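Just so we're clear, the structure is a prediction, and the values are computed from it rather than from any experiment.
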Amino acid sequence: MLEQNGTDEELDRAFMALADPVRRRMIARLSRGPATVNELAEPFAITVQAVSKHIQVLEAAGLVTRSRDAQRRPVHLAPAALERLTSWIDGYRIAHEQQFRSLDAVLQRDAELQREKEKKK
């Protein structure tokens with residue numbers, strides 16, 4: 001699982017897992033609720049074994065978990081792991097937004113000074 005700030009290795013595993021379009025579609029499907037391997041395999045033209053390998057990658061990245069429900073072994077999304085990824089990304093987004101706001105303020109002041117200068121002419 002990713003720690004609060006996430007280590008480089010954990011982030012690498014999570015982003016590498018999400019780099020594959022099949023795994024992203026599985027995450028999208030699991031966002032609607034748990035599913036079995038067979039249910040996850042339905043929309044893909046790949047074997048159930050290949051789907052199982054994709055799930056193993058997602059599990060190793062901490063993005064999904066499996067449970068046992070009698071004979072079923074549903075796969076569940078690990079929303080806390082996705083939230084940690086989002087938080088990591090947001091840290092950079094917020095920093096850049098602050099820089100843009102600072103730049104906007106400088107440009108606004110410059111425009112106001114320019115308007116005042118033109119009025120005095």
Side-chain angles (χ1 to χ4, degrees):
M1 279 303 238
L2 294 171
E3 293 176 359
Q4 184 61 29
N5 295 327
T7 65
D8 285 346
E9 192 175 299
E10 292 167 329
L11 288 169
D12 289 348
R13 269 196 310 270
F15 284 119
M16 285 175 61
L18 293 172
D20 186 280
V22 170
R23 292 191 285 267
R24 287 194 308 271
R25 287 182 58 196
M26 287 179 179
I27 291 290
R29 165 54 188 87
L30 292 170
S31 71
R32 296 190 315 267
T36 63
V37 172
N38 287 333
E39 291 167 341
L40 287 172
E42 285 174 8
F44 303 107
I46 58 177
T47 65
V48 173
Q49 290 79 12
V51 170
S52 289
K53 287 184 181 186
H54 281 296
I55 293 168
Q56 288 172 355
V57 171
L58 292 169
E59 269 187 306
L63 299 172
V64 300
T65 60
R66 292 190 204 193
S67 64
R68 186 173 296 276
D69 180 16
Q71 292 185 12
R72 290 181 37 141
R73 294 218 12 144
V75 180
H76 305 266
L77 186 61
L82 292 177
E83 181 61 36
R84 285 189 288 278
L85 287 176
T86 302
S87 294
W88 182 83
I89 292 168
D90 279 347
Y92 291 97
R93 182 187 54 80
I94 290 167
H96 281 83
E97 283 179 2
Q98 289 171 342
Q99 291 173 346
F100 287 129
R101 280 196 289 274
S102 296
L103 179 59
D104 285 344
V106 168
L107 293 173
Q108 180 68 31
R109 282 193 304 270
D110 187 47
E112 289 170 5
L113 288 173
Q114 190 65 32
R115 280 192 295 271
E116 286 177 23
K117 205 178 206 183
E118 289 175 9
K119 284 182 184 177
K120 290 181 182 178
K121 286 183 182 181

Before giving the answer on side chain to side chain contact (heavy atoms under 4.5 Å, CB included), spell out for Arg66 and Ile55 the whole-Å C-alpha distance, their side-chain angles and the decisive distance to 0.1 Å. CA-CA 9 Å; Arg66 292 190 204 193; Ile55 293 168; 3.1 Å; yes
Arg25 and Phe44: CA distance, side-chain angles, deciding distance, side chain to side chain contact (heavy atoms under 4.5 Å, CB included) verdict: CA-CA 10 Å; Arg25 287 182 58 196; Phe44 303 107; 3.6 Å; yes
Under the side chain to side chain contact (heavy atoms under 4.5 Å, CB included) criterion, do Gln56 and Lys53 qualify, and how do the steps go? CA-CA 5 Å; Gln56 288 172 355; Lys53 287 184 181 186; 4.3 Å; yes
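Nearest heavy atom pair, residue Leu11 against residue Trp88, reads CD1-NE1, 3.3 Å. Minimum interatomic distance between Leu30 and Ala35 (heavy atoms only, all atoms of both residues): CD2-N, 3.8 Å. Shortest non-hydrogen contact noted between Pro74 and Pro34 is CB-CB, 4.1 Å. Taking each heavy atom of Ala17 and Val57 in turn, the nearest pair found is CB-CG1, 3.8 Å. When all heavy atoms are compared, the tightest approach of Met16 to Arg23 is O-NH2, 3.6 Å.
Taking CZ from Arg29 and CD from Glu42, the interatomic distance works out to 8.5 Å, rounded to the nearest 0.5 Å. Annotation: the span from Met26 atom CE to Leu18 atom CG amounts to 12.5 Å, rounded to 0.5 Å. Here CD of Glu59 is found 10.5 Å from NE2 of His76. Values are rounded to the nearest 0.5 Å. In this structure, Ile27 CD1 and Leu63 CG are separated by 5.0 Å, a value rounded to the nearest 0.5 Å.
At a threshold of 4.0 Å, the pair Arg13-Glu9 counts as salt-bridged, since one of the basic side-chain nitrogens sits closer than that to a carboxylate oxygen.
Each of Leu113 and Val106 belongs to its own hydrophobic cluster when Ile, Leu, Val, Met, Phe, Trp and Tyr are linked at side-chain heavy-atom distances under 4.5 angstrom.
For the side-chain hydrogen bond (donor to acceptor under 3.5 Å, both in side chains) test with Glu112, the passing option among Gln108, Arg109, Arg115 is Gln108; the others fail.
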